[in-house]
Structure formats: C-alpha cells, structure tokens
*Asks:* 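Following this message is one structure expressed as structure tokens.
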Amino acid sequence: MNEKVLLIDDESEFVETLATRMRARNMEVTTTNSAVEALARDDMDTYDAIILDLQMPEMDGLTALEKIKQRNPKLQVIMLTGQATVEKGVRAMKMGALDLLEKPADIEELNRKIKEASNQKMVLVRKDSEETIKEIMSQFEVGLSVSSNC
Amino acid sequence: MTEKQDVPMERDICFFGAVTASISHEIKNVLTTINETAGLLDDFALEAQRGEGVLDPSQARNVAAAIARNVRRADGIVRNLNRFAHSTDQSRAVVELGELLNLFSDLAARLAANRGASLQITNELGPQEVLTAPFSLLHVLWRSLEFVLVTVGAVGQIQLLVSAAAVEGGKGQQMELIWEKSSRNAMESVGDFPGQIERDLLMRLPGPCRLRLEKDRIVLLLG
C-alpha cells in the first residue's frame with residue numbers, strides 16, 4: 001500500500017528533497033510550506049500521516065497540531081523539529097502527536113513512523129466503522145422487535 | 001559594554017539570546033537540508049548499486065550544486081553571527097552604517113517572518129561611516145521592530161528608510177521603521193514607547209539622539 005503523506009515545513013528546499021526521497025520509497029507525498037495553507041486543504045482527512053514542522057512563521061506546529069486534531073482526531077501527526085526539547089515533546093504527545101522526531105531525521109525511521117501512523121489511522125477508522133455498524137444493527141434490531149410485536 | 005550600566009545587563013543578554021537562538025535555528029535548517037540532499041545522493045548511488053538505475057551525472061551535479069548552495073547560505077549566516085558577536089567588542093566604534101543596517105536586516109528577518117512581516121531597507125545615504133555604539137544601536141532597532149510587530153501588530157512589508165537629517169549641532173541620520181498594514185490601531189497602544197529601556201539605550205549612543213512613535217512609523221534620529 002502506498003501511504004499518503006502531507007509534509008508541512010517552511011524550509012522549501014528541505015521539504016522538496018525529503019519529498020523526492022519519500023516518493024522513491026513509494027509514498028504519495030504532498031508538500032506545503034505553511035500550516036495555514038495545509039489547514040485550508042479540503043483533502044486533509046485523506047492523509048495517512050501528516051509530518052509537521054514545529055517552528056514555522058504564521059502558525060507554529062503546536063497550534064497547527066491542535067487544529068488538525070480538532071478537525072479530525074483520527075489524523076496521525078508526526079512532529080519534526082530542529083529544536084527538540086523534552087518539554088515540547090511531552091506537550092506535543094499530550095496534544096495527540098504520534099511522535100516527535102528531531103531533524104535531521106533518519107529517512108528509514110521516518111518511513112517506519114509513517115507506516116505506524118497509517119496502521120494507527122486504519123485501526124481507528126475500522127473501530128469507528130464497527131461502532132457505526134453496531135449502532136445501525138441495534139437500531140435495526142429494535143425496529144424488528146417493534147414490528148414483530150405489532 | 002563596560003562604560004555604562006544604565007541598561008540592565010539582563011536586557012542585553014536577552015537580546016543577545018534572542019538573536020543567537022534565531023541564528024541557531026537558521027543554521028539547523030541549513031544543516032537539515034544538506035543532510036537530506038546528501039541522503040538523496042546516497043539513494044541514487046544505492047539504486048545504481050542494486051542495478052535499479054544508473055547514477056545520472058547531471059543528477060549528481062544538481063545534488064552537488066544544492067549542497068554547495070546551502071554551504072554558502074550557512075557561511076553567510078555564520079558570518080552574520082560573527083559580526084554580531086563582534087559588535088560587543090567596543091562600546092563605541094566607527095562603522096559603515098549601511099553594512100550595520102544590512103546586518104540588522106539579516107538578523108531580524110526571522111523575527112519579522114514569524115509575525116507575517118518582512119523588512120526592507122531603503123538607504124538614501126549611500127556609504128557613510130559613523131561613530132556609534134554598534135551593539136546598542138542594533139539593540140534599540142531590534143526593540144523598535146519588536147514593538148512594531150508585537151504591539152502595533154504590523155504585517156506585510158516594513159520599510160527601514162535611512163536618510164540624512166539635521167540635528168542639533170550639525171548633520172545626522174534618520175532611520176524610520178514604516179509599516180503600511182497593522183492588525184491594531186497604533187495610536188491606541190502608543191502607551192509606553194519609547195520606554196525606559198529604549199531611552200537608556202539611546203544614552204549609550206554618541207551625539208544627540210531621539211526616538212519617537214508616529215502614526216505609521218518609528219523615527220530614530222542619530223546626531
């Protein structure tokens with residue numbers, strides 16, 4: 001399966017080079033240099049993983065993470081930062097980030113994290129679908145028992 | 001920095017820290033890009049080794065050019081860091097004003113970008129050597145720009161206009177930080193500018209100096 005990844009980082013040359021390397025590893029990658037631009041995308045829910053830089057102009061990574069999670073808690077975000085601190089890492093994880101990787105990140109480690117994100121999202125979507133089906137089934141059963149009582 | 005202690009040392013250290021933190025972020029960004037570019041070259045080489053492709057010389061040259069470009073970028077950042085560090089060498093020194101302001105513009109670029117603004121210098125003076133307190137002049141300009149960005153909420157382009165000015169006792173220079181768009185009404189928040197720290201910093205500069213806030217600009221007059 002080709003993972004669909006959204007890469008958000010204001011350092012354009014870095015982002016394009018990383019995207020080239022990820023595409024060579026059979027990932028479908030979209031890049032953007034701004035979290036504001038990323039949040040305006042209609043297709044955000046379709047990504048298996050979102051790679052998000054922590055420090056960006058306009059909107060910083062933690063604010064963007066909060067907005068992404070508010071929009072869809074199932075979205076899996078991997079934070080990427082040049083200035084990792086334990087405090088920032090803990091904050092990001094508490095806000096629902098899958099992980100925080102320090103730049104320069106090893107491409108294979110990033111690759112593994114993206115696959116983990118994709119699996120995690122799939123589990124959550126499946127769980128959601130199962131609950132929806134259960135709900136429909138229980139309503140159907142109630143309907144059946146009402147009609148059989150008539 | 002030893003002649004006068006009228007500005008609390010912590011303020012100077014905070015300014016120094018803010019600038020070096022911003023520079024370290026820039027350096028880290030460049031190193032990350034170089035690392036990724038080297039990784040790309042490694043990917044190409046591995047593909048060729050596995051017989052999945054050939055190492056295209058033009059591709060390899062593009063990668064080498066990207067690395068060289070980023071090394072030059074890092075060199076510029078480190079040169080600015082070095083010049084900034086040396087601005088503390090003497091409390092007063094003769095400097096080429098345009099060069100010092102270009103340094104300020106480079107150092108402050110990230111501060112402005114983080115607030116959705118950019119700084120552009122228009123120097124009507126041409127090359128001009130002046131006696132000043134380099135570190136304190138950079139500090140007062142930094143604090144002025146911070147006020148413009150944070151308190152006034154200026155966004156978009158901010159111009160630093162440098163021109164000749166008549167001051168008490170002869171000719172001087174005028175620097176104006178001019179903004180076009182802001183998220184707030186500057187006159188509502190004029191409050192405390194220049195504050196005590198800015199006034200103390202002016203005391204370190206030679207000659208009569210003035211700093212004032214106007215409707216759409218901050219004006220610094222150097223004697």
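Residue numbers begin at 1 in each chain, while the letters A, B, ... track the order of the sequences. Only a predicted model underlies this, so the values are computations on that prediction, with no experimental measurement involved.
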*Asks:* For the pair A/Arg21 (side chain) and B/Asp43 (backbone), establish whether a donor and an acceptor sit closer than 3.5 Å, ignoring hydrogens and angles.
*Replies:* no
*Asks:* Pick one: which of B/Leu40, B/Thr32, B/Ile34 meets side-chain contact (heavy atoms from CB on, under 4.5 Å) with A/Thr17?
*Replies:* B/Leu40
*Asks:* In Å, rounded to the nearest 0.5 Å, how long is the span from OG1 of B/Thr37 to CD of A/Glu16?
*Replies:* 11.5 Å
*Asks:* Residues of residues 93-108 of chain A under 4.5 Å from chain B (heavy atom pairs)?
*Replies:* A/Glu102, A/Lys103, A/Pro104, A/Ala105, A/Ile107
*Asks:* If I measure from the heavy atoms of chain A, does B/Ala66 come under 4.5 Å with its side chain, its backbone, both, or neither?
*Replies:* both
*Asks:* Using non-hydrogen atoms and a 4.5 Å limit, figure out which bit of A/Glu13 sits close to chain B: side chain, backbone, both or neither.
*Replies:* both
*Asks:* Does CZ in B/Arg83 sit with more than 12 non-hydrogen atoms of other residues, nucleotides or ligands closer than 6.0 Å?
*Replies:* yes
*Asks:* If contact means a heavy atom pair closer than 4.5 Å, which residues of residues 52-60 of chain A contact chain B?
*Replies:* A/Gln55, A/Met56, A/Pro57, A/Glu58
*Asks:* Determine whether more than 12 heavy atoms belonging to other residues, nucleotides or ligands lie under 6.0 Å from atom CZ of B/Arg61.
*Replies:* no
*Asks:* Would you say B/Gln157 has more than 12 foreign heavy atoms packed within less than 6.0 Å of its CD?
*Replies:* yes
*Asks:* For each of B/Asn70, B/Leu31, B/Thr33, B/Val63, tally heavy-atom pairs with chain A at distances under 4.5 Å, and name the one with the top tally.
*Replies:* B/Thr33
*Asks:* Decide if atom CD of A/Glu135 counts as having more than 12 heavy atoms of other residues, nucleotides or ligands within a radius under 6.0 Å.
*Replies:* no
